[in-house]
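For reference, the structure discussed in these notes is given below.
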Amino acid sequence: MVEPVDGMNAVYFAYPVNSGIVPAAANLASAIRAGADVPRVVVMSMAPASPDSPSHLGRAQALAEEILTWSGLDPIVLRVAGFFHENVEVMHGDTIRDAGIIRNNFGEGSVPWIGARDAADVGVAAIIDPQLFGGGNIHYPPGAELLNHGDIAAILTTELEKEVTFETVDR
């Protein structure tokens, strides 16, 4: 099945942090190799992507990247080194609304955060101006700001005009 990529001069492969990325990458590689002429593939990945990652999703992401590389597509891989701001709502929206609390096991350490639009803009830059991404096919665009989940709770308190707190939970 080549139709979805036929006539494209670039493909932006962004898969949710979820199972299924390996067959999705294989299907994309197969479609392109079946005859479509797609000179550029940009992959939105994640920083923990590695064959040695303790996360099964990180290992799967690394394998998906390898499938695209092994198939001869020479992708530009963007392993975004940051949490997406939008995931606060996805992961904690219910508990923020119901109890004014964010609970997770990330602790008090600050991590890089980035907006999905900013990450997408990096992907567009890789499609339009790939020479900006020379020196190998794996790149680590940083998050835009360092915040811990307590900082996020304080920002939400101000923005929502409702007390939001952060609580660390252990495994």
Side-chain angles (χ1 to χ4, degrees), residues 11-30 32 41-126 132-156 164-171:
V11 171
Y12 183 64
F13 181 69
Y15 196 86
V17 179
N18 205 339
S19 61
I21 190 166
V22 171
N27 288 336
L28 175 63
S30 178
I32 293 171
V41 176
V42 175
V43 178
M44 174 60 67
S45 187
M46 59 181 175
S50 165
D52 301 322
S53 176
S55 162
H56 70 283
L57 295 173
R59 291 188 304 274
Q61 183 74 43
L63 181 55
E65 294 169 10
E66 285 298 316
I67 288 169
L68 295 170
T69 301
W70 293 337
S71 66
L73 299 178
D74 193 30
I76 295 173
V77 177
L78 304 173
R79 289 185 178 167
V80 174
F83 288 25
F84 284 85
H85 290 290
E86 294 80 2
N87 285 341
V88 172
E89 166 65 21
V90 171
M91 295 171 61
H92 305 291
D94 289 342
T95 61
I96 291 169
R97 280 186 293 279
D98 296 345
I101 194 161
I102 297 172
R103 287 186 186 101
N104 62 44
N105 65 346
F106 290 110
E108 298 298 324
S110 294
V111 294
W113 289 82
I114 189 169
R117 176 64 188 253
D118 293 331
D121 287 346
V122 174
V124 169
L132 293 173
F133 298 85
N137 71 328
I138 297 177
H139 305 275
Y140 290 87
E145 56 190 342
L146 288 174
L147 300 169
N148 63 40
H149 282 84
D151 298 330
I152 297 293
I155 292 167
L156 289 172
V164 178
T165 60
F166 169 65
E167 180 181 301
T168 298
V169 295
D170 62 27
R171 290 174 61 173

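Residues take their numbers from the sequence shown, with the count starting at 1. Excluded from the calculations below are hydrogen atoms, water molecules and symmetry mates; all remaining heavy atoms, backbone and side chain alike, are included.
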Minimum heavy-atom distance Asn148-Gly109, with the two atoms named: CB-O, 3.4 Å

Check: Ser30 side chain, Ala26 main-chain N or O, donor-acceptor pair, under 3.5 Å: no

Closest non-hydrogen atom pair between Gly123 and Val42, with its separation: O-CG1, 4.2 Å

Rounded distance [0.5 Å steps], CG in Asn104 versus NE2 in His149: 4.5 Å

Test item: Met91 and Phe83 side chains (from C-beta on) under 4.5 Å apart, heavy atoms: no

Side chain proximity check, Leu147 to Ile155, heavy atoms < 4.5 angstrom: yes

Carboxylate-amine/guanidinium contact Arg117 Glu86, below 4.0 Å: no

Stepwise side-chain contact (heavy atoms from CB on, under 4.5 Å) check, Ile114 with Phe84: CA-CA 5 Å; Ile114 189 169; Phe84 284 85; 4.2 Å; yes

Heavy-atom donor-acceptor pair, Arg79 side chain to Ile138 backbone, under 3.5 Å: no

Validation row: Trp70, Leu63 side chains within 4.5 angstrom (heavy atoms): yes

Whether Phe133 and His139 hold their rings parallel, tilted or perpendicular, with breakpoints at 30° and 60°: perpendicular

Exercise: identify the closest heavy-atom pair between Ala120 and Tyr12: CA-OH, 4.0 Å

Flag side-chain contact, heavy atom, 4.5 Å: Ile152 against His92: no

4.5 Å side-chain heavy-atom contact, Asp74 and Val41: no

Heavy-atom closest contact (Ile76 atom, Ala126 atom, distance): CD1-O, 3.8 Å

Beyond-backbone contact of Pro112 with Leu146, side-chain heavy atoms, under 4.5 angstrom: yes

Leu73: which of Asn137, Ile32, Ile67 passes side chain to side chain contact (heavy atoms under 4.5 Å, CB included): Ile32

Pairwise distance CD1(Ile96) to OG1(Thr165) - rounded to 0.5 angstrom: 10.0 Å

Min side-chain heavy-atom separation Leu68-Val77 under 4.5 Å: no

Spatial distance of atom OG1 (Thr95) from atom CD (Glu167) [nearest 0.5 Å]: 10.0 Å

Reported OG-to-NE2 distance for the pair Ser19 and His56, which is rounded to 0.5 angstrom: 7.0 Å

Shortest non-hydrogen contact from Arg59 toward Ser53: NH1-O, 2.7 Å

For the student: nearest non-hydrogen atoms of Val43 and Pro75, plus distance: CG2-CB, 3.9 Å

Parallel, tilted or perpendicular, as decided by the 30° and 60° cut-offs, for the rings of Trp113 and His85: parallel

Minimum side-chain heavy-atom gap Val122-Val80 below 4.5 Å: no

